[in-house]
Each structure stands twice: as structure tokens, then as C-alpha cells.
Amino acid sequence: MSDHIKTMGQQFGRRSWAEPWKIKMVEPLTMTTREQRQRAIEEAGYNTFLLRSQDVYIDLLTDSGTSAMSDRQWAGMMLGDEAYAGSANFYRLEAAVQEYYGYRYVVPTHQGRGAEHLISKVEIKQGDVIAGNMYFTTTRVHQELAGGRFVDVIIDEAHDPTSLHPFKGNVDLDKLQRLIDEVGADKMPYVSIAGTVNMAGGQPISMANIRDVQALCHKHGIKVYLDATRMAENAFFIQEREEGYAHKSVREILKEFCSYTDGAWMSAKKDSLVNIGGWLAVNDANVFDKARNLVVIYEGLHTYGGMAGRDMEALAIGIEESVQDDHQRARIGQVRYLGELLNEWGIPIVQPIGGHAVFLDAKRFYPHIPQNEFPAQTLAAELYLDSGIRGMERGIVSAGRDPQTGDHRYPALELVRLTIPRRVYTQAHMDVTAEAVKAVYDQREATRGLQMVYEPEYLRFFQARFARL
Ligand code: PLI
């Protein structure tokens with residue numbers, strides 16, 4: 001393993017990290033029997049999205065909107081200015097985005113996909129091509145609905161779950177250049193860059209790479225937009241792994257990274273430690289003008305965009321908390337703690353361990369289940385059955401069908417994501433989770449795949465239903 005990706009324990013000798021907070025309020029968890037879980041997963045069509053949360057013990061479905069807010073954020077909720085227009089909390093939020101992300105103009109939205117919708121409608125014309133460092137489900141569907149086609153230009157290492165490349169989120173500049181040569185820069189309104197690439201296993205992109213991407217794109221008059229959803233976490237990886245950044249703060253790194261981009265969309269439900277919220281921010285007054293006009297059609301007035309005043313206040317505070325180095329060290333440290341246990345026990349996961357989740361490699365977990373029998377979907381269901389732990393499929397079901405051919409897309413990565421909500425679970429929950437994965441792994445040879453019995457047209461992973469083969 002390279003120096004870049006030594007574990008926390010190795011880096012700091014024998015001194016452990018701990019969360020920079022203590023617990024003030026608790027929420028009881030439900031325990032279920034195997035019989036109850038069998039009934040629940042059958043009723044859910046073997047899709048963990050269709051389970052009721054009351055039937056779940058440790059919920060690792062997503063880190064989206066599942067964070068625990070701080071006492072400061074809850075106090076901020078009481079300062080909600082619920083005016084229809086010109087809420088004081090909007091101006092606090094706008095100032096926080098400008099200060100920490102550095103963009104000039106801010107449009108609030110109810111969550112990330114609201115912002116994706118606006119930017120796709122403003123920038124994409126029929127027949128356009130959007131290059132990016134791996135697709136994300138909602139991002140790509142908005143790009144396609146606006147008339148675009150997404151092309152993946154991430155480095156090859158990102159598709160290899162065993163590669164130890166420290167920045168598997170990087171763009172392959174040769175692939176990008178070839179695409180520009182092939183389709184023409186005038187067909188490429190922007191390149192779509194994500195921090196800690198979700199579908200690649202939460203893998204970061206380096207500062208050097210974004211600088212190169214910006215230089216290449218701007219030479220051809222192509223804009224660079226950032227999916228900033230988990231960019232503060234990406235900044236932590238740059239601090240840890242990239243030469244020249246060890247002594248810079250997460251806050252400084254985040255702002256520098258954003259300075260190489262023309263704007264960003266944000267699902268504030270992740271990095272920013274709130275249960276709902278999002279924004280679009282840009283530097284171009286013209287783009288801002290169009291987005292601000294569209295937001296009133298699809299989201300809400302341009303000073304709330306679908307959020308309550310109190311939500312915007314909690315978000316402004318959450319942004320500040322998300323760039324604290326101690327917070328990120330504990331957040332990513334907890335994910336790594338779980339991943340390292342699984343590594344020790346020889347369970348196949350995506351390497352290096354990512355920022356927001358540990359990704360089980362279902363192809364190596366169940367080599368006997370072909371991809372069109374949904375190995376990752378199967379694994380997520382088996383883990384729930386064993387222990388009540390809920391993860392999420394990130395493989396062939398999430399990848400959906402090619403709109404041109406109508407066939408399944410067959411992604412190289414067939415994964416189950418164990419996503420860690422921020423500031424919610426303890427190390428003991430991570431131990432219980434690792435042990436449950438081990439129990440399912442020990443039963444792997446007897447496990448069979450699934451067939452899809454109901455398939456919605458868009459984003460099928462949310463609502464598809466399955467039955468045992
Ligand atoms: O769920 P939204 O609409 O607030 O955000 C959409 C979205 C955009 N970009 C990225 C990288 C995401 O991860 C994302 C949402 N992710 C979810 C819901 C997740 O479970 O990962």
C-alpha cells in the first residue's frame with residue numbers, strides 16, 4: 001500500500017482518533033427476528049429501498065439526509081424566518097456558499113436533483129455530449145432528459161475495485177481530448193466533475209487533475225461544473241494524499257478546488273449535515289439569470305427554492321461545520337474503521353476505502369451469480385435478512401438501460417454500498433456491521449440470484465421489485 005493511503009492508526013502511531021463531539025439525544029433502534037425480516041424483504045420485493053425504516057436495525061442505505069445535526073444547527077432551526085420572499089436565512093446561506101465555496105451567485109433548491117434539473121435545462125441542448133468522471137444516477141437522467149448524452153472519461157483504475165490509485169476519481173485527459181476531437185467542443189457545453197465519486201466507491205479527484213481539466217476545457221471554450229455534494233470530504237483526501245496540501249486546511253482546499261470550476265450543484269443532504277436542502281451556484285451572471293428564472297417554476301421563489309427558512313439556517317451552519325478538519329478526520333476515520341475490519345477478514349471491498357461508504361464487491365463475493373441475476377441486489381437482501389442492516393445496490397440495477405438500445409447497461413462495478421450517515425452510529429455499530437457481512441460471506445456459496453419482476457422506466461433501482469430464482 002502506498003504512503004498516501006496508510007491507515008489513520010499507522011499515520012498517527014498508536015494514538016486513536018475520536019469523534020469531536022459527544023451525544024446529547026438518542027433515538028432507539030428496532031430489533032427484529034429473522035422471520036420478521038424474511039416477511040419484510042419479501043414484501044419489499046427484495047429491494048432495500050422498499051423496506052420500511054421501522055424494520056431496519058442499522059440503516060446504511062445512504063448518507064443522504066441522514067446526518068445528525070449539531071446543537072448549533074438545532075438552535076438555528078428556531079431562527080427560521082418563514083417569509084415567502086427575502087428570508088434572512090437565505091442571505092445567511094448565500095453568504096456561507098460564497099465564503100466556503102467561493103461562487104458568486106447562489107440559487108437555492110430543495111435538494112441536489114433540483115439543482116441538476118436547473119443546470120441541465122440551462123446549459124444542455126438536444127444532441128449535446130456531457131463528459132464526466134463517472135455517471136451519477138440522478139445527474140445523468142437530468143442530462144439525458146435535457147437532450148444530452150453522458151460519456152464517462154474517468155481513469156480506467158476507477159473501474160477496477162482492486163486498484164490502489166490514490167485518486168481514482170481523476171479524469172483521463174486523453175479520453176477527454178479524444179472526445180472533444182470526435183464530437184467537437186461546440187457540442188460540449190460543460191464537463192461534469194464530481195468530488196469523491198460516488199459510483200466509483202467514494203474515490204477522490206486530485207487538485208492537479210482539476211487544474212488540468214480546467215486548462216483543457218477552457219482552451220476549447222467548455223465550462224467545468226462541479227457536483228460538490230461530497231467535495232468537503234474530497235478536500236480531506238487531498239490534504240492527506242496530495243503533495244503540497246498536508247498543511248492546508250480542508251476549508252482552504254475546498255475553496256481552491258472550486259476556484260477551478262465555473263459553478264457547482266449541491267446536495268446539501270450529504271457534506272453539509274442537514275436532512276434536506278441543496279443549491280446551484282455559478283459565476284456567470286447570464287447563467288444565474290436563467291437558473292433564477294427557472295427555479296420559480298420548478299422549486300420555489302429564488303430566496304427559498306423549496307426549503308423552509310429554518311432549513312436554510314441549519315444548512316448555513318452545517319456548511320461551516322463540514323469544513324472543520326477534526327470533523328472530516330472522524331467522519332472518514334469511521335468509514336475506514338469498518339473497511340479495515342472487512343479487509344482484515346479477506347472480504348472483497350473496493351480499494352482504497354472511500355469517503356462516505358464501504359463498497360462490497362459483489363462480483364467477487366458471489367462469483368457464481370451472473371450479473372443479469374443481480375449479485376449486488378442479492379447481497380443487499382441477504383445482509384438485511386441476516387442482521388437487519390440495510391445497504392444499497394450500486395451495480396447493474398442502478399446503471400439502468402441504455403436509452404438507445406434498451407438493453408441493460410453492464411457496469412464493471414457491481415457493488416453494495418454500506419453508507420455511513422454522519423455523526424449517527426458508533427464504533428460498536430461498525431463492529432456489528434462487519435460481523436454481519438462476515439456471516440453472509442461465510443454463506444456465500446449457497447446463495448442464489450434474483451429475477452426482476454417489476455421495472456419502472458426511470459431510476460429503476462428506487463422502485464424495482466425482484467423475486468428469488
Ligand atoms: O438526492 P439529491 O437529489 O439531494 O442529490 C442527488 C445527488 C447528486 N450527486 C451525487 C453525487 C449524489 O450522491 C446525489 C444523491 N445521492 C444519494 C441519494 C445517495 O444515496 O448517494
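In listed order, ligands and their atoms are each counted from 1. Sequential numbering from 1 along the given sequence is applied to the chain's residues.
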| task | Could you tell me the residue and atom name of the protein heavy atom closest to atom 2 (P) of ligand 1, and the distance to it rounded to 0.1 Å? | result | Q111 NE2, 3.2 Å
| task | May I ask you to check if ligand 1 and W265 share an N or O to N or O distance below 3.5 Å? | result | no
| said: To check your reading of the model: name the closest protein heavy atom to atom 10 (C) of ligand 1, its residue, and the distance in Å. | reply: D227 OD2, 3.4 Å
| task | Give the residue and atom name of whichever protein heavy atom lies nearest to atom 7 (C) of ligand 1, and the separation in Å to one decimal. | result | F136 CE2, 3.5 Å
| query | Which protein heavy atom lies closest to atom 8 (C) of ligand 1, and at what distance to 0.1 Å? | reply | E116 OE2, 3.1 Å
| request: Name the orientation class of the two ring planes belonging to Y103 and Y101 (parallel below 30°, tilted from 30 to 60°, perpendicular beyond 60°). | output: parallel
| Contact check: G112 vs ligand 1, nitrogen or oxygen atoms, below 3.5 angstrom | yes
| Geometric cation-pi criterion, R390 with Y384: 6.0 Å, 45° | no
| Proximity to ligand 1 by part of H142, non-hydrogen separation under 4.0 Å | neither
| Identity and distance of the protein heavy atom lying nearest atom 1 (O) of ligand 1 | R113 NH2, 2.9 Å
| query | Do R394's NZ or CZ and the ring of F461 fall within the cation-pi criteria of under 6.0 Å and 45°? | reply | yes
| Does a side-chain N-to-carboxylate-O contact under 4.0 Å join R331 and D63? | yes
| task | Determine, using heavy atoms of H356 and all atoms of ligand 1, whether some pair is separated by less than 4.0 Å. | result | no
| task | Any atoms of ligand 1 less than 4.0 Å from a non-hydrogen atom of T62? List them with their elements. | result | 19 (C), 20 (O)
| remark: Judged by heavy atoms only, the candidate from M199, K270, M392 nearest atom 15 (C) of ligand 1 is K270
| field | Closest protein heavy atom (residue, atom, distance) for atom 4 (O) of ligand 1 | value | S267 OG, 2.6 Å
| said: Under 4.0 Å between a side-chain nitrogen and a carboxylate oxygen: does that hold for R401 and E455? | reply: yes
| field | Contact check: R394 vs ligand 1, nitrogen or oxygen atoms, below 3.5 angstrom | value | no
